[in-house]
Amino acid sequence: MEEQEGCYKLPAVERNALLNRPDFCHFNGGHAVLEKSPNDLALLLRTLQFATLKHSTQRRKDPEKTPYINHPIGVANILASEGGVTDVAVLQGALLHDTVEDTNTTLDEIENHFGASVRRIVEEVTDNKALSYDERKRHQIARAPFVSYEAKLVKLADKLHNLRDLLRCAPEGWSPERVLTYFEWAKKVVEGLLGTNLDLEEAIRLVMARKGVVLPSDRPSLLRDDSPL
Ligand SMILES: Nc1nc2c(ncn2[C@@H]2O[C@H](COP(=O)(O)OP(=O)(O)O)[C@@H](OP(=O)(O)OP(=O)(O)O)[C@H]2O)c(=O)[nH]1
């Protein structure tokens, strides 16, 4: 696919195929401009509305008490804008990722509204609130390497958004030591996610470096002294 003046000029064969899919593209000066299916966009907006209603009474912990929905929107935006993610189910998973953990939403409700794939992503990124704080934090580290690729993407973007938020403005009552403890814990979770999306991982690496936390460039367990370069 050759790129020209910000849009893609498709080979004739692909252009002809797309002519039968007017929902996916329109032609502008001979160039095919690819768009998401209107169905995908409607689905994303419906998901955003669902998440907004579910989080409507919640605020973030920052001193300004910003609306909670800013976080799921931020996570989805990171995936699309920085991670190059176009899988609608992953973007839906990002928008919904805290609904079951932090609101009265059930996984069955997610499945009824948005299907089994989105349910699975949300389930994989939901902490078990029945566990103690320390158990939950340990469980996230232990589980990270074993969740699906889609859930790993959401977890990477979730951590990136929270870490950036912490640099911007710590939650009320958080000491610098607590902020650093969160960075060090997040590093252990992210180590289990490495190799999923290099752009997101590099962005996390840069944010962590601001606090002197060094994220390795590959999973430490895969780096062995005797492994060839
Ligand atoms: N940085 C930041 N975090 C805030 C803010 N408001 C709410 N949070 C949420 O607080 C959580 C981190 O705080 P902790 O004390 O470590 O954890 P806890 O809320 O789960 O008990 C994150 O939950 P989470 O999304 O479930 O993620 P995770 O930390 O469990 O991965 C984050 O989204 C804020 O203003 N800034």
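Quick caveat, the model's predicted, so the values are computed rather than measured. Each ligand, and each atom within it, is numbered from 1 in the order the structure gives.
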K.L.:
Nearest to atom 35 (O) of ligand 1, what protein heavy atom do you find, and at what distance?
P.N.:
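Going by distance alone, atom 35 (O) of ligand 1 is nearest to Asp62 N, 3.1 Å.
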
K.L.:
At under 4.0 Å between heavy atoms, which part of Asp158 makes contact with ligand 1: side chain, backbone, both or neither?
P.N.:
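It is the side chain that gets close, since no backbone atom is under 4.0 Å.
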
K.L.:
I want to confirm something. Looking only at heavy atoms, which of Trp185, Tyr68, Tyr133 is nearest to atom 16 (O) of ligand 1?
P.N.:
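Ranked by closest heavy atom to atom 16 (O) of ligand 1, first place is Tyr133.
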
K.L.:
Taking N or O atoms only and a 3.5 Å limit, does Lys137 qualify as a polar contact for ligand 1?
P.N.:
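There is such a contact, yes.
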
K.L.:
For atom 2 (C) of ligand 1, which of the options Lys155, Gln140, Arg60 provides the nearest non-hydrogen atom?
P.N.:
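Answer by nearest heavy atom: Arg60.
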
K.L.:
Any idea which part of Asp98 is under 4.0 Å from ligand 1, heavy-atom wise: side chain, backbone, both or neither?
P.N.:
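For Asp98, only side-chain atoms sit under 4.0 Å from ligand 1.
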
K.L.:
Would you say CZ of Arg210 has more than 12 non-hydrogen atoms from neighbouring residues, nucleotides or ligands within 6.0 angstrom?
P.N.:
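It does not: Arg210 CZ has 12 such atoms or fewer within range.
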
K.L.:
Please work out which of the three classes, parallel, tilted or perpendicular, describes the rings of His161 and His71, given edges at 30° and 60°.
P.N.:
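Taking His161 first and then His71, their aromatic rings sit tilted (interplane angle of 30° to 60°).
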
K.L.:
Quick one: look up the protein heavy atom nearest atom 26 (O) of ligand 1 and list residue, atom name and how far away it is.
P.N.:
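The answer is Glu101 OE2, 3.1 Å.
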
K.L.:
Students should be able to answer this: which protein heavy-atom is nearest to atom 15 (O) of ligand 1, and at what distance?
P.N.:
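Ranked first by proximity to atom 15 (O) of ligand 1 is Arg178 NH2, 2.7 Å.
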
K.L.:
Report yes if the side chains of Ile110 and Thr105 come closer than 4.5 Å at any heavy-atom pair, otherwise no.
P.N.:
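They are in contact (side-chain heavy atoms under 4.5 Å apart), so the answer is yes.
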
K.L.:
Between Lys187 and Glu184, does any side-chain N to carboxylate O distance fall below 4.0 Å?
P.N.:
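Judged by the 4.0 Å cut-off on N to carboxylate O distance, Lys187 and Glu184 do not form a salt bridge.
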
K.L.:
May I ask you to decide if Leu200's main-chain N or O and Glu82's side chain share a donor-acceptor pair within less than 3.5 Å?
P.N.:
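Absent.
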
K.L.:
For ligand 1 and Lys61, I'd like to know whether there is a polar contact (N/O to N/O, distance under 3.5 Å).
P.N.:
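There is such a contact, yes.
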
K.L.:
Using atom types as modelled and distance alone, determine if a side-chain donor or acceptor of Glu101 lies under 3.5 Å from a backbone N or O of Lys129.
P.N.:
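Here the side-chain-to-backbone pair does not exist.
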
K.L.:
Within 45° of the ring axis of Tyr68 and under 6.0 Å from its six-membered ring centre, is that where the NZ or CZ of Arg59 lies?
P.N.:
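No cation-pi geometry.
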
K.L.:
As an exercise, identify every atom of ligand 1 less than 4.0 angstrom from a heavy atom of Leu166.
P.N.:
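Those atoms are 1 (N).
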
K.L.:
Got the closest protein heavy atom to atom 20 (O) of ligand 1, with its distance?
P.N.:
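Checked against all protein heavy atoms, atom 20 (O) of ligand 1 sits closest to Arg136 NH1, 3.2 Å.
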
K.L.:
Checking salt bridge (charged side-chain N to carboxylate O under 4.0 Å, His left out) between Arg119 and each of Glu111, Glu109, Glu124, which is the one that passes?
P.N.:
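Looking at Glu111, Glu109, Glu124, the match for Arg119 under the salt bridge (charged side-chain N to carboxylate O under 4.0 Å, His left out) is Glu111.
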
K.L.:
Using a 4.0 Å cutoff against the non-hydrogen atoms of Asp165, which atoms of ligand 1 qualify?
P.N.:
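Result: 1 (N), 36 (N).
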
K.L.:
Going by the order shown, which atoms of ligand 1 are within less than 4.0 Å of some heavy atom of His71?
P.N.:
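Those of ligand 1 that fall under 4.0 Å from His71 are 25 (O), 33 (O).
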
K.L.:
Just to confirm my output: which protein heavy-atom neighbour is closest to atom 1 (N) of ligand 1, and how far is it?
P.N.:
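Result for atom 1 (N) of ligand 1: Asn162 O, 3.1 Å.
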
K.L.:
How far is atom 29 (O) of ligand 1 from its nearest protein heavy atom, and which residue and atom name does that atom have?
P.N.:
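The answer is Tyr182 OH, 2.6 Å.
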
K.L.:
Between His161 and ligand 1, which part of the residue brings a heavy atom under 4.0 Å of the ligand: side chain, backbone, both or neither?
P.N.:
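His161 to ligand 1: no contact under 4.0 Å from either part.
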
K.L.:
Going by heavy atoms in the side chains, are Glu150 and Arg120 under 4.5 Å from each other?
P.N.:
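A side-chain contact exists here, since the closest heavy-atom pair is under 4.5 Å.
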
K.L.:
Could you tell me the residue and atom name of the protein heavy atom closest to atom 31 (O) of ligand 1, and the distance to it rounded to 0.1 Å?
P.N.:
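The closest one turns out to be Lys159 NZ, 2.3 Å.
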
K.L.:
Looking at Glu172, I'd like to know if its CD atom is crowded, meaning that more than 12 non-hydrogen atoms belonging to other residues, nucleotides or ligands lie closer than 6.0 Å.
P.N.:
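Atom CD in Glu172 is crowded, with more than 12 foreign heavy atoms closer than 6.0 Å.
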
K.L.:
Give a yes or no on whether Gln58 atom CD has more than 12 heavy-atom contacts from other residues, nucleotides or ligands under 6.0 Å away.
P.N.:
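Check passes, neighbour count above 12.
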
